[in-house]
Amino acid sequence: MIGNINHIAIVVPDLAEAAARYKNTMGADVSEAVDLPDHGVTTVFVNLPNSKVELLHPYGDSSPIAGFLAKNPSGGMHHICYEVDDILAARDKLVEDGARILGDGDPKIGAHGKPVLFLHPKDFFGTLVEIEQV
Ligand SMILES: CC[C@@H](C(=O)O)C(=O)SCCNC(=O)CCNC(=O)[C@H](O)C(C)(C)COP(=O)(O)OP(=O)(O)OC[C@H]1O[C@@H](n2cnc3c(N)ncnc32)[C@H](O)[C@@H]1OP(=O)(O)O
Ligand SMILES: [Co+2]
């Protein structure tokens with residue numbers, strides 16, 4: 001069901017500092033920061049030849065990553081995103097097998113304009129999983 005890794009996300013306490021570190025020290029191609037109010041995050045994408053790293057910082061008062069940053073004030077790896085061909089078929093199979101979909105169960109449009117869903121970290125061995133239809 002799952003395909004390539006689309007991105008790995010890292011929550012960071014200072015987005016400008018993290019973007020500069022990836023650009024200047026790692027020599028990476030780094031996007032501008034984009035606010036995504038519907039997701040409660042600001043993102044910067046680090047574009048790699050075969051994948052992406054998503055740098056995340058909380059946006060607004062009810063960000064889903066605020067608790068994570070409070071527990072990990074220096075930042076930390078937050079989620080892994082796998083590509084799927086059909087997100088509704090993937091969701092139905094996951095639910096049938098007992099995995100919990102976060103939120104209301106309906107896909108939201110993610111950072112790349114494609115539908116995404118999140119799966120509870122306790123169902124995937126302590127790792128928050130995002131699936132994105134490509
Ligand atoms: C940019 C858009 C989009 C894209 O297109 O790429 C994005 O990536 S948006 C990214 C941000 N959005 C989300 O993360 C949405 C889904 N997340 C959530 O709904 C919440 O973050 C959460 C996973 C339900 C956690 O909520 P929180 O309030 O922080 O914690 P809890 O106390 O409810 O946590 C329960 C339990 O899970 C552990 N936990 C929390 N976050 C993670 C994590 N990232 N990885 C692994 N484990 C995590 C937490 O420690 C708790 O464990 P216990 O203490 O053992 O109970
Ligand atoms: Co993501």
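Read the numbers this way: they start at 1 and go in the same order the structure lists the ligands and their atoms. Heavy-atom basis, side chains included; hydrogens, waters and symmetry copies ignored.
Set against the non-hydrogen atoms of G110, the atoms of ligand 1 under 4.0 Å away are 5 (O). Taking every heavy atom of L36 and a limit of under 4.0 angstrom, the matching atoms of ligand 1 come to 1 (C), 2 (C). Contact atoms of ligand 1 toward V41: 1 (C), 11 (C) (distance under 4.0 Å to a heavy atom of the residue). Interface of T43 with ligand 1, defined as ligand atoms under 4.0 Å from a residue heavy atom, comprises 1 (C).
Between the side chain of D86 and the main chain of L88, a donor-acceptor pair closer than 3.5 Å is present. Although no hydrogens or angles enter the test, the distance criterion places no donor-acceptor pair under 3.5 Å between the side chain of E83 and the main chain of V134. No donor-acceptor pair under 3.5 Å is formed between the side chain of K52 and the backbone N or O of I8. Counting only distance, with no hydrogens or angles, the side chain of H78 and the backbone of A9 share no donor-acceptor pair below 3.5 Å. Side-chain atoms of R100 never come within 3.5 Å of backbone atoms of L119 as a donor-acceptor pair (strictly under, hydrogens ignored). Judged by distance alone, with hydrogens and angles left aside, the side-chain atoms of D104 form a donor-acceptor pair with the main-chain N or O of D106 at under 3.5 Å. Listed for the S63 side chain is no donor-acceptor partner under 3.5 Å among the backbone atoms of V41. Panel note: side chain D29, backbone N47; no donor-acceptor pair is recorded below 3.5 Å.
The protein non-hydrogen atom at the shortest distance from atom 4 (C) of ligand 1 is E130 OE2, 3.0 Å. Remark: minimum distance from atom 41 (N) of ligand 1 to any protein heavy atom is reached at F68 CD1, 4.2 Å. Looking only at protein heavy atoms, the nearest one to atom 9 (S) of ligand 1 is F118 CZ, 3.7 Å. With respect to atom 25 (C) of ligand 1, the closest heavy atom belonging to the protein is P64 O, 4.7 Å. Remark: minimum distance from atom 46 (C) of ligand 1 to any protein heavy atom is reached at G126 O, 3.1 Å. With respect to atom 52 (O) of ligand 1, the closest heavy atom belonging to the protein is K122 NZ, 3.2 Å.
For atom 11 (C) of ligand 1, the choice among V129, I65, N72 with the nearest heavy atom turns out to be I65. Closest heavy-atom approach to atom 54 (O) of ligand 1 within the set K71, E54, H7: this belongs to K71. The residue from T42, I101, V34, L102 that puts a heavy atom closest to atom 22 (C) of ligand 1 is L102. Comparing H120, M77, H79 against atom 10 (C) of ligand 1, the shortest heavy-atom distance belongs to H79.
Under the 4.0 angstrom criterion, atom 34 (O) of ligand 1 counts as lacking any protein heavy-atom contact. Distances from atom 6 (O) of ligand 1 to the protein include at least one heavy-atom value under 4.0 Å. In this structure, atom 48 (C) of ligand 1 has protein heavy atoms in its sub-4.0 angstrom surroundings. Of the protein's heavy atoms, at least one falls inside 4.0 Å of atom 1 (C) of ligand 1.
Heavy-atom distances between C81 and ligand 1 stay at or above 4.0 Å for every pair.
Interatomic distance, S31 OG to Y22 OH, rounded to the nearest 0.5 Å: 13.0 Å.
Looking at ligand 1, you'll find an N or O of H78 within less than 3.5 Å of one of its N or O atoms. Where the criterion is an N or O separation shorter than 3.5 Å, residue side chain and backbone included, A111 meets it with respect to ligand 1.
For an aromatic pair to be called close, the ring centres must be under 6.0 Å apart, and Y59 with H39 fails this.
Within 6.0 Å of CG in D85 there are 12 or fewer heavy atoms belonging to other residues, nucleotides or ligands. More than 12 non-hydrogen atoms from other residues, nucleotides or ligands lie less than 6.0 angstrom from CG of D97.
Of the heavy atoms in P121, only side-chain atoms (C-beta onward) come closer than 4.0 Å to ligand 1.
Between the OE1 atom of E54 and the OE1 atom of E130, the angle taken at the Co ion (ligand 2) works out to 170° after rounding to 10°.
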